[in-house]
Amino acid sequence: MNTTDISSESRYTDYDPWAWLYNKSEANSACTSLLPNIEKLLLPHLTKGAKIFDLCCGTGQLSQKLIAKGYEIVGLDGSMKMLHYARQNAPTAEFILGDARSFELSSNVFDASICTDSALNHIMSVEELKSVFSNVYTVLKENGLFLFDMGLENRYANILVNDGEIQENYAWTVGETYNPEEKVGTFIITMFQPNDNKPNRKINSISSLIRRFKRLIYNNYLRSAKPSTLLQILEKDWQSSEMVFSVKPYSKTEIQSALEEVGFTSVSIYNSNGKLADSQENKYAYFLGRKPSNFLNSSEKD
């Protein structure tokens, strides 16, 4: 295993406190939902053995899926704790501790780059977004491809609970807020765990069975149909802790213009199903850009 850390820069470390929970609860389902569009939009353009840069790689499950398909992966993330799990989940990958806005790696190294799960919506200005795009552009080879997804203008809203999970020893919910005037939002992770300061209470077999039944019903049915019901069935004496993450949506035009300003060409925009997005798409999209060859650059200047 090859590991590299860029520890001298200011990094995006907000994900450190819930890395264990993301790795345990959300990462695999996110990987399952994200992989099909990568297979559809990016992988057909690559040969086996191609080198892919997984920007904001998180806990590494997606990196491992791509390794299993025959690709060489280098991942970068600002969270040291996320990378702790990534190095367990994808032991043959190289992982780098660094910030998407300011990392510096060798030029012309990668055949492609990905950035998934709306990670770039944590970039809070167009100028910083262009810095990310410029950094990716630098590390790509000529004709290298950059595929990423982002939330658009209508992605965020004011929702108390839009997802959650309950297990025997922990539970969590996620909600979100949005200020349309300032065009910024938050998503809020609330974690619940048993109160360690309370004496252990004996739980009879019937109570235990009821709790298991509640978890089963919520996780398999109510989670998608009515996620806020978790707050009603949760043990009342469990302690909660809250984490707030800032997010900013962008328009398709802002994102495409930022890509083109740093040099990307042939920018295509797709919807969540991997089909070309229409002009009405304003909630979520995939973007695919290409770093042109020097020959094309020279031709355009002439």
Side-chain angles (χ1 to χ4, degrees), residues 1-6 23 27-79 82-100 103-117 119-120 132-150 259 262-270 273-275 286-297:
M1 175 182 65
N2 188 4
T3 62
T4 306
D5 288 347
I6 301 174
N23 181 64
N28 286 314
S29 60
C31 181
T32 299
S33 67
L34 294 165
L35 187 59
N37 276 338
I38 294 174
E39 293 174 326
K40 181 176 183 178
L41 301 175
L42 179 65
L43 299 190
H45 302 286
L46 303 178
T47 59
K48 290 297 173 65
K51 195 167 186 178
I52 300 175
F53 181 48
D54 188 357
L55 182 64
C56 305
C57 61
T59 50
Q61 282 86 348
L62 186 56
S63 293
Q64 181 56 35
K65 291 286 187 183
L66 293 171
I67 289 170
K69 290 180 175 295
Y71 300 98
E72 184 180 348
I73 303 297
V74 175
L76 181 143
D77 202 277
S79 169
M82 286 281 193
L83 291 186
H84 166 76
Y85 294 107
R87 288 163 178 160
Q88 295 177 359
N89 295 324
T92 62
E94 176 181 357
F95 290 106
I96 299 166
L97 181 66
D99 193 283
F103 70 88
E104 295 181 5
L105 300 176
S106 299
S107 304
N108 306 310
V109 173
F110 298 99
D111 300 289
S113 177
I114 58 173
C115 188
T116 58
D117 212 8
L120 294 183
V132 176
F133 293 164
S134 180
N135 294 338
V136 173
Y137 186 91
T138 298
V139 301
L140 286 174
K141 297 176 182 177
E142 292 180 15
N143 293 312
L145 296 169
F146 181 28
L147 177 68
F148 62 96
D149 61 86
M150 286 189 73
L259 285 167
V262 306
F264 283 101
T265 61
S266 306
V267 176
S268 298
I269 306 174
Y270 302 90
N273 296 318
K275 298 180 179 179
Y286 281 83
F287 295 79
L288 180 66
R290 180 183 298 274
K291 178 178 179 177
S293 66
N294 285 331
F295 174 76
L296 286 177
N297 282 332

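FYI, side chains are in, hydrogens and waters are out, and symmetry mates aren't considered; it's all heavy atoms of this structure. Along the sequence shown, residues are numbered consecutively beginning with 1.
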Evaluation steps, side-chain contact (heavy atoms from CB on, under 4.5 Å), between C57 and I96: CA-CA 10 Å; C57 61; I96 299 166; over 6 Å; no
Residue pair V109, V74: steps toward the side-chain contact (heavy atoms from CB on, under 4.5 Å) verdict: CA-CA 10 Å; V109 173; V74 175; over 6 Å; no
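- Taking CE of M82 as the start and CZ of R87 as the end, the distance is 13.5 Å to the nearest 0.5 Å.
- In terms of modelled atom types and a separation under 3.5 Å, the side chain of K291 and the main chain of L140 share a donor-acceptor contact.
- Using modelled atom types, no side-chain atom of D77 and backbone atom of T59 make a donor-acceptor pair closer than 3.5 Å.
- To the nearest 0.5 Å, atoms CD1 (I269) and CG (L288) are separated by 10.5 Å.
- For the residue pair N37/D149, the side-chain donor-acceptor check at 3.5 Å is not satisfied.
- To the nearest 0.5 angstrom, F148 atom CZ is 12.5 Å from I114 atom CD1.
- Residues I52 and L43 share a closest heavy-atom pair of CD1-CD2, 4.3 Å.
- The ring-ring contact (aromatic ring centres under 6.0 Å, His included) analysis of residues 27-52, with sequence neighbours excluded, yields no pairs.
- Atoms CG and CG, from D99 and L76 in turn, are 8.0 Å apart once rounded to the nearest 0.5 Å.
- Looking at heavy atoms from C-beta onward, L66 lies in side-chain contact with I38 at the 4.5 angstrom threshold.
- Under the 4.5 Å side-chain criterion, counting only non-hydrogen atoms from C-beta, K275 is in contact with K40.
- For R290 (side chain) and N143 (main-chain N/O), a donor-acceptor pair under 3.5 Å exists by modelled atom type.
- Taking the side chain as every heavy atom from C-beta outward, S79 and H84 never approach each other to under 4.5 Å.
- Looking at L35 and K69, their side chains come closer than 4.5 Å, going by heavy atoms from C-beta outward.
- Without hydrogens or angle criteria, K51 side chain to E72 main chain gives no donor-acceptor distance under 3.5 Å.
- In this structure, the separation between OG1 on T138 and CG on N108 is 8.5 Å, given to the nearest 0.5 Å.
- Results of the ring pair (Phe, Tyr, Trp, His ring centres under 6.0 Å) test with F110 over Y71, F146, F53, Y137 single out F53 as the only residue that passes.
- For the pair F133 and L120, the minimum side-chain heavy-atom distance is below 4.5 Å.
- When the options N89, T92, D54 are evaluated for a side chain to side chain donor-acceptor pair (under 3.5 Å) with S63, the one that passes is D54.
- The distance from atom OG1 of T116 to atom CG of L34, rounded to the nearest 0.5 Å, is 5.0 Å.
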